[in-house]
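Below is one structure; the comments refer to it alone.
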Amino acid sequence: MQEGVIAKFLPVDMSQPSDQIFAESARLIQQLGDDGVTGSVDGLCTFCELSVPLVSRLCESLGLPGMKPACVDTARNKHATRAVMKSAGLPTPRNSLITSEAEIETAGAIVGFPAVLKPVSGAASLGVIKVLSMEDLKRCFKETTNELRSLVVSSGALVQRAADDSSADAGVDAANTIDMTMLLEQYLDGPEVDIDVVMCNGKWRYAAVSDNGQIGRASCR
């Protein structure tokens, strides 16, 4: 195989339930050497955030180096991340899960206002909104959860499904792929930054802090 040239492409139907995607992916990977050309597998990686949990489980199953699934699951769940930070004695914003409209007032009382409403395992800031009052929260929760129902996973990214597109190429319903439970957390005013760290054997090898630009919508319309 020449460098930079794909030797073999093994398609997997990503619209299946996650356990079936895992089983099919594992089977295809294990059969790679059967053709006498591609050889054995030395490692797995993904460039899609939503596929990181899948890759971590494949690495664990195949005995390959990679992140532990439990760590990945915690990092992909904002509520679980906040809980781990708090237990480690690190500062973390007040937060509360909202699994239904019946929990809105309790969450608002715990977190206070202004606050930020967001999907607990979302990406790309979709469904993230600043709320200024209890009335604002109730209205935005209903509008945002309705909006999230139209999200699909297409080419590894969360996107809005076009209202007139019902084809198979439109993507997989996001609700079948990630946890769309809502999280309300304390609004912290100030610059927004991205912090990227590359870890190896428990030690950081690369770290960078970059400006994330202006925060999105101020409040629900």
Side-chain angles (χ1 to χ4, degrees), residues 48-50 52-53 71-154 156-165 170-197 209-221:
C48 169
E49 179 183 350
L50 301 181
V52 174
C71 296
V72 170
D73 292 346
T74 298
R76 286 283 301 128
N77 184 302
K78 297 176 178 64
H79 186 255
T81 300
R82 305 291 185 260
V84 168
M85 292 174 61
K86 186 175 182 179
S87 65
L90 297 172
T92 184
R94 295 187 301 275
N95 62 91
S96 182
L97 284 176
I98 305 179
T99 61
S100 68
E101 291 188 51
E103 297 175 344
I104 290 178
E105 293 198 8
T106 298
I110 292 172
V111 175
F113 298 96
V116 178
L117 183 67
K118 61 179 67 174
V120 72
S121 296
S125 295
L126 288 172
V128 178
I129 197 163
K130 182 180 177 182
V131 292
L132 307 176
S133 65
M134 187 67 75
E135 180 182 349
D136 203 18
L137 172 59
K138 290 179 179 179
R139 182 176 67 256
C140 289
F141 177 83
K142 184 175 295 186
E143 291 183 12
T144 302
T145 50
N146 287 336
E147 179 182 323
L148 291 175
R149 292 190 185 100
S150 69
L151 290 181
V152 295
V153 179
S154 179
L158 282 175
V159 297
Q160 291 282 353
R161 186 199 301 271
D164 58 348
D165 191 352
V172 181
D173 287 344
N176 295 332
T177 306
I178 62 174
D179 186 351
M180 303 298 279
T181 302
M182 300 301 290
L183 176 72
L184 185 71
E185 64 180 12
Q186 178 185 3
Y187 173 75
L188 302 177
D189 193 13
E192 182 179 339
V193 299
D194 279 335
I195 302 177
D196 300 296
V197 182
V209 180
S210 56
D211 187 355
N212 206 27
Q214 295 294 319
I215 298 175
R217 291 179 291 174
S219 63
C220 190
R221 291 191 296 272

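For the single chain, residues carry numbers from 1 onward in sequence order.
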### Query
Roughly how far, to the nearest 0.5 Å, is the OG1 atom of Thr144 from the CG atom of Leu117?
5.5 Å
#### Entry: Minimal non-hydrogen separation, Pro53 against Arg76, with atom names
CG-CG, 4.3 Å
### Residues which pass side chain to side chain donor-acceptor pair (under 3.5 Å) with Asn146, listed by chain and number, not counting sequence neighbours
Arg149
#### Entry: Approximate separation, where rounding is to 0.5 Å, of Leu183 CG and Thr99 OG1
12.0 Å
### Query
Mind checking what makes side-chain contact (heavy atoms from CB on, under 4.5 Å) contact with Ala83, not counting sequence neighbours?
none
### Query
What pairs with Ser96 under side chain to side chain donor-acceptor pair (under 3.5 Å), at least two apart in sequence or on another chain?
none
### Asp194 side chain near Asp196 side chain, heavy-atom distance below 4.5 Å
yes
### Query
Could you state the interatomic distance from CG (Leu137) to CD1 (Ile98), rounded to the nearest 0.5 Å?
5.0 Å
### Task
Examine distances only and state if a side-chain atom of Thr81 and a backbone atom of Thr74 form a donor-acceptor pair shorter than 3.5 Å.
yes
### Query
Rounded to the nearest 0.5 Å, how far does CE of Met85 lie from CG of Asn95?
10.0 Å
### Query
When rounded to the nearest 0.5 angstrom, what is the spacing between CZ in Arg82 and OG in Ser87?
13.0 Å
#### Entry: Residues that Val193 engages under side-chain contact (heavy atoms from CB on, under 4.5 Å), provided they are two or more places apart
Ile195, Val209
### Message
Going by the rule side-chain contact (heavy atoms from CB on, under 4.5 Å), which residues pair with Ser133 if we only count those two or more places apart in sequence or in a different chain?
### Response
Glu135, Asp136
### Message
Are the side chains of Val131 and Arg139 in contact, using a 4.5 Å heavy-atom criterion?
### Response
no
### Query
Between the main-chain N or O of Lys142 and the side-chain N or O of Thr145, is there a donor-acceptor pair closer than 3.5 Å?
yes
### Query
With a 4.5 Å limit on heavy-atom distance, are the side chains of Asp211 and Pro191 in contact?
no
### Message
For a quick test of reading the model, state the closest non-hydrogen atom pair linking Gln186 to Pro93 and the distance between them.
### Response
OE1-CA, 3.6 Å
### Query
So how far is it from Met134 CE to Ile104 CD1, rounded to the nearest 0.5 Å?
8.5 Å
### Task
Not counting sequence neighbours, list each pair that qualifies as a salt bridge (charged side-chain N to carboxylate O under 4.0 Å, His left out) and has a residue in residues 91-119.
Glu105-Lys138, Lys118-Glu185
### Message
Restricting to side-chain contact (heavy atoms from CB on, under 4.5 Å), what partner residues turn up for Val52, sequence neighbours left out?
### Response
Thr46, Met67, Val72
#### Entry: Val116 and Tyr187, any side-chain heavy atoms less than 4.5 Å apart
yes
